[in-house]
Amino acid sequence: MPTEKKISSASDCINSMVEGSELKKVRSNSRIYHRYFLLDADMQSLRWEPSKKDSEKAKIDIKSIKEVRTGKNTDIFRSNGISEQISEDCAFSVIYGENYESLDLVANSADVANIWVTGLRYLISYGKHTLDMLESSQDNMRTSWVSQMFSEIDVDGLGHITLCHAVQCIRNLNPGLKTSKIELKFKELHKSKDKAGTEITKEEFIEVFHELCTRPEIYFLLVQFSSNKEFLDTKDLMMFLEAEQGVAHINEEISLEIIHKYEPSKEGQEKGWLSIDGFTNYLMSPDCYIFDPEHKKVCQDMKQPLSHYFINSSHNTYLIEDQFRGPSDITGYIRALKMGCRSVELDVWDGPDNEPVIYTGHTMTSQIVFRSVIDIINKYAFFASEYPLILCLENHCSIKQQKVMVQHMKKILGDKLYTTSPNMEESYLPSPDVLKGKILIKAKKLSSNCSGVEGDVTDEDEGAEMSQRMGKENVEQPNHVPGKRFQLCKELSELVSICKSVQFKEFQVSFQVQKYWEVCSFNEVLASKYANENPGDFVNYNKRFLARVFPSPMRIDSSNMNPQDFWKCGCQIVAMNFQTPGLMMDLNIGWFRQNGNCGYVLRPAIMREEVSFFSANTKDSVPGVSPQLLHIKIISGQNFPKPKGSGAKGDVVDPYVYVEIHGIPADCAEQRTKTVNQNGDAPIFDESFEFQINLPELAMVRFVVLDDDYIGDEFIGQYTIPFECLQTGYRHVPLQSLTGEVLAHASLFVHVAITNRRGGGKPHKRGLSVRKGKKSREYASLRTLWIKTVDEVFKNAQPPIRDATDLRENMQNAVVSFKELCGLSSVANLMQCMLAVSPRFLGPDNNPLVVLNLSEPYPTMELQAIVPEVLKKIVTTYDMMIQSLKALIENADAVYEKIVHCQKAAMEFHEHLHSIGTKEGLKERKLQKAVESFTWNITILKGQADLLKYAKNETLENLKQIHFAAVSCGLNKPGTENSEAQKPRRSLEAIPEKASDENGD
């Protein structure tokens, strides 16, 4: 629970510490002692009681405190048997004395922990001058700015303004605040002073503004980077942007631009200072939203074959309600196309006056004229995306009305129709880039040797199946009889080019006879069967062919299937009922936002490459893919609306947050925060979660806010985002309603970090690993094919795989060891580590005890004076880390080349693997197993090469961070700060992309 009084300054923190708090004191023997801690009134020492010690021993002098660490980042916390039961957000440690002893404490809430950490850091910075600093900060930049706003309203200089003007002014500055809440705060203030009337004085205005417009969690963050000032200067902001937000290539000019854009006070803009209000404005702006703006535009390769993309698809697009009795309307097409949909459905039947109509056959849905739908499609086809639109034509018309359909499409759509015959020499469909601005017709087509007009009934005659299942024989049936052969006119057949509808038989038949331009449609039930029973075959099938999955006809309420169930198998066209909001549509909408909402998302490489091993139902890590750890801290919420239709509790909201992971079965997970009672305006959650993501390219994160109610928890808002679109650092999550509209001013404030499975991290997306003893080290294993010549090639790959693993893990272990000595968790990056240790490297006279020589490619630490053992240990561990970074950088290229060479040598056998295996005496099942093992091994080799490449790039990033942090903290050896060492030399260059497309893709 948040503290009763809002914290808006260091003074508030100090006052709270003087009053004292109950904290848990953690000892190395796993014992926990409840003690009451307080700051002496003279602010010279920290005391605790009761204690068996002499009162003079149950205290720590403030001047002896070296640093204050957040989280469980001391040896005592790490080795404590009950550490897992202690919240990371409530733990902090006071490091004191010449021997750097630790006092390890746990607060009852993250809010209380933040008060002590902020207050103690302030005391360390200002020592005996703390009182003077606190007094001077009362008349600070913020107070001056608020006073100026008051004076602008009080034009007559009366010294007071009306309640109405005061409320409006505060609401203009913080639009999410309710008018009633602001009025109530002023009235409570007047009541506490026994004051009559509604006039507001300047002091009252300032007090209420501070109370309502200060977010403690943002204040605590500000002072963490501001060296305990009440504002951030340009260098502070640069450090925050680089170390926490992962912003690359930052400089003082960019910092100044941000300050000028978001700082409300003139004084702050002139001096280059960002106040708590400017910092809050910045963090709540779209610049700090969780969604990576790079993905707001098309950012993926659009030159791959069409079958390599997931395609945003609509089912029964013409319906705006359920699919049995619901109305049909052209607005269904407008809505879908505006949302970036690239595949719409037209269920066409004979209509009156020789005009075809669209509706779900065999049902009581209403009808719309085909021509009007084509008009709308022509108008909106490329409204949201320039990439190809697929019209899934379910043709139930007579020859006469089929010809009318053709006339309308040719006349209205004209050159947009793509009718080019497929190239028989090609093996794959054209790319979305080649098909820009084109409309493709997916429908039945006459065979090339057919001169007549006869064809088969369409596969998805859903209305007939639904009617039969429901026993609705009294529904008026059209003349067309499902299951019988029906006539297809040649003109309509000629409009179908690269999306010819065919019936699926079985995978092995399709692999042999299906043409790349032929498309199969799968009922949801059948697709689920294949996904569960033949996951590998389904993935391989979808590498070459387009597959469309449509909802079961039994979903008469137009509910939606889970698209992830079929995306994990590589199915490109998963048709959704756009008219039905909820979790499944949230996933679909969120998923297709990642590529500029253009309707096409490139599938993971492991689903595209001809030789790659992937099973859709894997419940473990994916071979060749490095699992990621997602660390999410839900900090707070802002302006949650009352759930629609809830009246039992009045305006009271008791919110909690679910964090859900959607993806392959191994990744699906969810965790929830505690409930914050009776606070929907500014609830503080302060809870951290961790998720392992085995296939990041197919994972999604969904934040759901619910109102805790004994009758049934009610939906408040949600936000769904692909894993690849997450921005790390401190971010706001703009919440959306059940139907997808943005909820005004409603958001979550979160912290996001992404690291490798065993920990570590850096600002830009990817991370490192934690220690693992060499003896217990796991190496990627290759399978035996029992084909001697091929097995010899893979045998040669084992040594470089071991070398690559050793290089990576030695580096990662050394980095984590350094982080631990810096007092930081595995989520931290090396820039944050250097910032954490820099105060320890300064002597009493502020001269550095240790400097970094930046003149060499690998910065070394040089002692400038005699230092305590604990600092010597940090220097030694740093040197070991640098040596491991150097080893990786200088050996990675050669090891990488060996792995790639083995991969190429093995691929020489790929085309003739069956015949080679047969000659070796392998039959049927063993031969099939050998092919599968070959695919597995190639996937492992490519994955190991990629991991080494990423590790080298990461190592280069680590060196840059060390260099930048050393210069920023003034720890660089004089004359080395502008060294060319920060520029990658030839030996430091990242491994080029070599083998990415050389394994058969």
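Sequential numbering from 1 along the given sequence is applied to the chain's residues.
- Cation-pi contact between R593 and F291: present, with separation from the ring centre below 6.0 Å and deviation from the ring axis of at most 45°.
- Remark: the backbone N or O of E518 is paired with a side-chain donor or acceptor of Q514 at under 3.5 angstrom.
- With a 6.0 Å radius and a threshold of 12 heavy atoms from other residues, nucleotides or ligands, Q928 has its CD atom at or below the threshold.
- With values rounded to the nearest 0.5 angstrom, C569 atom SG is found 6.5 Å from N617 atom CG.
- Relative to the six-membered ring of F613, R783 meets both conditions, a distance below 6.0 Å and an angle of at most 45° to the axis.
- By the 4.5 Å heavy-atom criterion applied to side chains, N694 and V625 are not counted as neighbours.
- In this structure, the separation between CG on N958 and CE on M831 is 10.0 Å, given to the nearest 0.5 Å.
- In summary, of the residues considered (N595, N588, N597), a side chain to side chain donor-acceptor pair (under 3.5 Å) with N312 occurs for N588 alone.
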Should E690 and Q671 be marked as a side chain to side chain donor-acceptor pair (under 3.5 Å) after you check the CA-CA gap, both sets of side-chain angles, and the distance that decides it?
CA-CA 9 Å; E690 187 179 280; Q671 294 197 54; over 6 Å; no
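- In terms of heavy-atom proximity, L429 sits nearest to S307 at CD1-N, 4.2 Å.
- Between R603 and Q572 the shortest heavy-atom distance is NH1-NE2, 3.9 Å.
- Residue C520 holds its SG atom at 11.0 Å from NZ of K500, rounded to the nearest 0.5 Å.
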Go through the steps for Q944 and D946 under the test side chain to side chain donor-acceptor pair (under 3.5 Å), then give the verdict.
CA-CA 5 Å; Q944 290 298 308; D946 286 345; over 6 Å; no
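- Side-chain atoms of Q594 come within 3.5 Å of backbone atoms of W591 as a donor-acceptor pair (strictly under, hydrogens ignored).
- Of all heavy-atom pairs spanning S521 and K442, the tightest one is OG-NZ, 3.3 Å.
- Counting heavy atoms from C-beta on, the side chains of I498 and L435 come closer than 4.5 Å.
- Counting heavy-atom neighbours within 6.0 Å of K929 NZ, excluding the residue itself, gives a total of 12 or less.
- Paired with F723 under the rule side-chain contact (heavy atoms from CB on, under 4.5 Å), one option of I754, D667, I661 passes, and it is I754.
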I'd like to know whether Y858 forms a side-chain contact (heavy atoms from CB on, under 4.5 Å) with E890, so could you lay out the CA-CA distance, the side-chain angles of the two residues, the decisive distance to 0.1 Å, and finally the verdict.
CA-CA 11 Å; Y858 308 99; E890 294 186 350; 3.6 Å; yes
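- A ring pair (Phe, Tyr, Trp, His ring centres under 6.0 Å) with F504 is found for exactly one of F545, Y541, F511, namely Y541.
- Although no hydrogens or angles enter the test, the distance criterion places no donor-acceptor pair under 3.5 Å between the side chain of E386 and the main chain of K436.
- When side chains are defined from C-beta on, L959 counts as touching I889, because their heavy atoms get closer than 4.5 Å.
- When all heavy atoms of S933 and T784 are compared, the pair lying nearest together is OG-O, 4.1 Å.
- When side chains are defined from C-beta on, P305 does not count as touching R608, because their heavy atoms never get closer than 4.5 Å.
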Check the pair H901, Q903 against side chain to side chain donor-acceptor pair (under 3.5 Å), reporting the backbone distance first and the verdict last.
CA-CA 5 Å; H901 176 75; Q903 184 183 332; over 6 Å; no
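- No more than 12 heavy-atom neighbours from other residues, nucleotides or ligands sit within 6.0 angstrom of NZ on K926.
- Checked by atom type, the side-chain pair H662/E660 shows a donor-acceptor distance below 3.5 Å.
- Between the side chain of T935 and the backbone N or O of V931, at least one donor-acceptor pair lies under 3.5 Å.
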Given the rule in the salt bridge (Lys or Arg N to Asp or Glu O under 4.0 Å) test, do K942 and E609 qualify, once you have shown the distances and angles that lead to the verdict?
CA-CA 11 Å; K942 184 177 187 309; E609 293 158 350; 3.6 Å; yes
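- Scanning all heavy atoms of the two residues, the minimum distance from L927 to G917 falls at CD1-CA, 3.8 Å.
- Counting only heavy atoms from C-beta outward, the side chains of E426 and W517 never approach each other to under 4.5 Å.
- To the nearest 0.5 Å, atoms SG (C571) and OH (Y530) are separated by 11.5 Å.
- For the residue pair S612/K543, the side-chain donor-acceptor check at 3.5 Å is satisfied.
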Would you sort out whether F689 and H631 count as a ring pair (Phe, Tyr, Trp, His ring centres under 6.0 Å), showing the intermediate values?
CA-CA 6 Å; F689 305 118; H631 311 260; over 10 Å; no
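- Between the side chain of S915 and the backbone N or O of H912, at least one donor-acceptor pair lies under 3.5 Å.
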Candidate pair Y387 and D433, rule side-chain contact (heavy atoms from CB on, under 4.5 Å), full reasoning:
CA-CA 7 Å; Y387 293 102; D433 205 53; 4.2 Å; yes
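- Taking 4.5 Å as the limit, every side-chain heavy atom of L824 sits out of range of all side-chain heavy atoms of N829.
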Evaluation steps, side-chain contact (heavy atoms from CB on, under 4.5 Å), between K819 and C833
CA-CA 6 Å; K819 288 179 182 180; C833 290; 3.5 Å; yes
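- Put simply, NZ on K886 and CG on L888 are 13.5 Å apart, with the number rounded to the nearest 0.5 Å.
- In this structure, L785 CG and E920 CD are separated by 10.0 Å, a value rounded to the nearest 0.5 Å.
- A cation-pi arrangement is present between R802 and Y779 under the rule of less than 6.0 angstrom and at most 45 degrees off the ring axis.
- With S313 contributing its side chain and I311 its backbone, the two residues share a donor-acceptor pair below 3.5 Å.
- Proximity of a side-chain donor or acceptor of D791 to a complementary backbone N or O of W786 within less than 3.5 Å is detected.
- Using modelled atom types, no side-chain atom of R544 and backbone atom of E610 make a donor-acceptor pair closer than 3.5 Å.
- Side-chain contact between L726 and I721: present, with at least one pair of heavy atoms (C-beta onward) separated by less than 4.5 Å.
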Between K952 and D893, does a salt bridge (Lys or Arg N to Asp or Glu O under 4.0 Å) hold up when you go through it step by step?
CA-CA 9 Å; K952 183 170 182 181; D893 286 8; 2.8 Å; yes
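- Ring centroid separation for the pair F794 and F934 comes in under the 6.0 Å cut-off.
- Considering every non-hydrogen atom in both I940 and S781, the closest pair reads CG1-O, 4.2 Å.
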Checking ring pair (Phe, Tyr, Trp, His ring centres under 6.0 Å) for the pair F538/F522: CA distance, chi angles, key distance, verdict?
CA-CA 12 Å; F538 214 173; F522 299 84; 5.5 Å; yes
Working note: R548 + V574, criterion side-chain contact (heavy atoms from CB on, under 4.5 Å); need CA distance, chi angles, decisive distance, verdict.
CA-CA 6 Å; R548 178 176 182 266; V574 181; over 6 Å; no
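- By the 4.5 Å heavy-atom criterion applied to side chains, P422 and K515 are not counted as neighbours.
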